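Notes to accompany the following structure.
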Amino acid sequence: MKVATYRIGGERRVGVVDERRGTVAAFDLPLSEAEAGLGALIARTSASVSLSPTPLSEVRLEAPIPRPRRNVFCVGKNYHEHAKEFASSGFDSSAAAGVTPKFPIVFSKTPESVVAHRDAVRIDRSVTQAVDYEAELGVIIGKGGRGIDPSKALDHVWGYTIINDVTARDLQGRHSQWLIGKSQDTFCPMGPWAVTKDEIDLADTQIRCWINGELRQDANTRDLIFDVPTIIATIAAGVTLIPGDVIATGTPAGVGIGFTPPKYLAPGDVARIEIQGIGVLENEFREHRA
Ligand code: MG
């Protein structure tokens with residue numbers, strides 16, 4: 001099942017997407033609950049769907065969880081080939097952890113950085129000269145918990161979405177901690193919707209990213225250094241996960257800093273990320289004017 005958060009007539013709704021018909025059917029949720037987006041559905045034991053679907057062309061998609069309750073957890077250097085390209089880029093303030101980390105590198109992005117499919121991502125030249133893209137599988141937690149065993153970790157997953165972990169490389173390198181470089185306003189495109197976990201085979205899901213139509217990233221979740229259960233168990237070892245938490249699982253090789261010279265994003269560039277079984281997340285980068 002594909003579940004979208006969207007706006008229609010000024011109201012936020014959560015609904016089931018039928019891609020073949022090009023429609024979305026709203027869940028029967030009070031508007032006050034729907035403000036939490038997909039989080040409203042996760043919090044409920046049941047919800048029925050309206051019988052009159054709306055064409056997707058008549059709604060404005062929002063991020064599945066438009067404003068997460070807290071920071072989006074992220075994993076760095078989690079694909080072997082990307083770990084190599086990042087280690088040799090000169091921006092790797094985690095270099096001491098080695099090219100292939102022994103333990104997951106976990107950082108976060110602020111909730112306010114989340115934007116939707118087709119929203120503009122802002123490039124503010126007064127702050128950064130090195131904006132880069134990172135196509136990633138996003139995990140959405142359905143059942144909270146602490147001290148989660150890897151063998152039980154997937155029981156805690158509601159489903160998956162696509163995240164572009166947009167990064168200001170110069171800030172990431174300069175400040176050692178990655179938070180500022182990862183949390184610039186609009187730097188967390190998420191969507192176009194979420195899918196329930198039964199739709200994704202974690203052992204074989206293709207992730208691709210194109211910039212202006214040029215294929216840059218093309219990898220498979222089977223190449224993750226730390227798999228989804230390991231990531232969940234690592235975070236939840238001492239941090240209680242809550243329903244609606246989002247975890248970005250890391251990006252494969254082919255980001256802008258993997259090229260010589262680096263291929264940073266410029267105003268007008270369009271990043272298109274496709275994850276098999278989910279869909280396409282597309283965002284244009286635009287110059288920010290204060
Ligand atoms: Mg990333």
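Numbering starts at 1 and runs along the sequence shown. In listed order, ligands and their atoms are each counted from 1. Because the structure is a prediction, the values reported are computed rather than measured.
- Residue V127 is found in a hydrophobic cluster whose other members, listed by chain and number, are L171, I180; membership requires side-chain heavy atoms under 4.5 Å apart, directly or through intermediates.
- Side-chain contact of T128 with Q184: a donor-acceptor pair under 3.5 Å is absent, judged by distance alone.
- Protein N/O/S atoms closer than 2.8 Å to the Mg ion (ligand 1): E134 OE1, E136 OE2, D165 OD2.
- Listed by first then second residue, pairs satisfying salt bridge (Lys or Arg N to Asp or Glu O under 4.0 Å) with a partner in residues 209-220 read R208-D218, E214-R216, E214-K263, not counting sequence neighbours.
- Counting only residues at least two apart or in different chains, side chain to side chain donor-acceptor pair (under 3.5 Å) contacts with residues 136-148 are absent.
- Under a hydrophobic-cluster definition in which Ile, Leu, Val, Met, Phe, Trp and Tyr are linked whenever side-chain heavy atoms come within less than 4.5 Å, directly or via other members, L215 and F259 are assigned to different clusters.
- For the residue pair N220 / D204, a side-chain donor-acceptor distance below 3.5 Å is found, with atom types taken as modelled.
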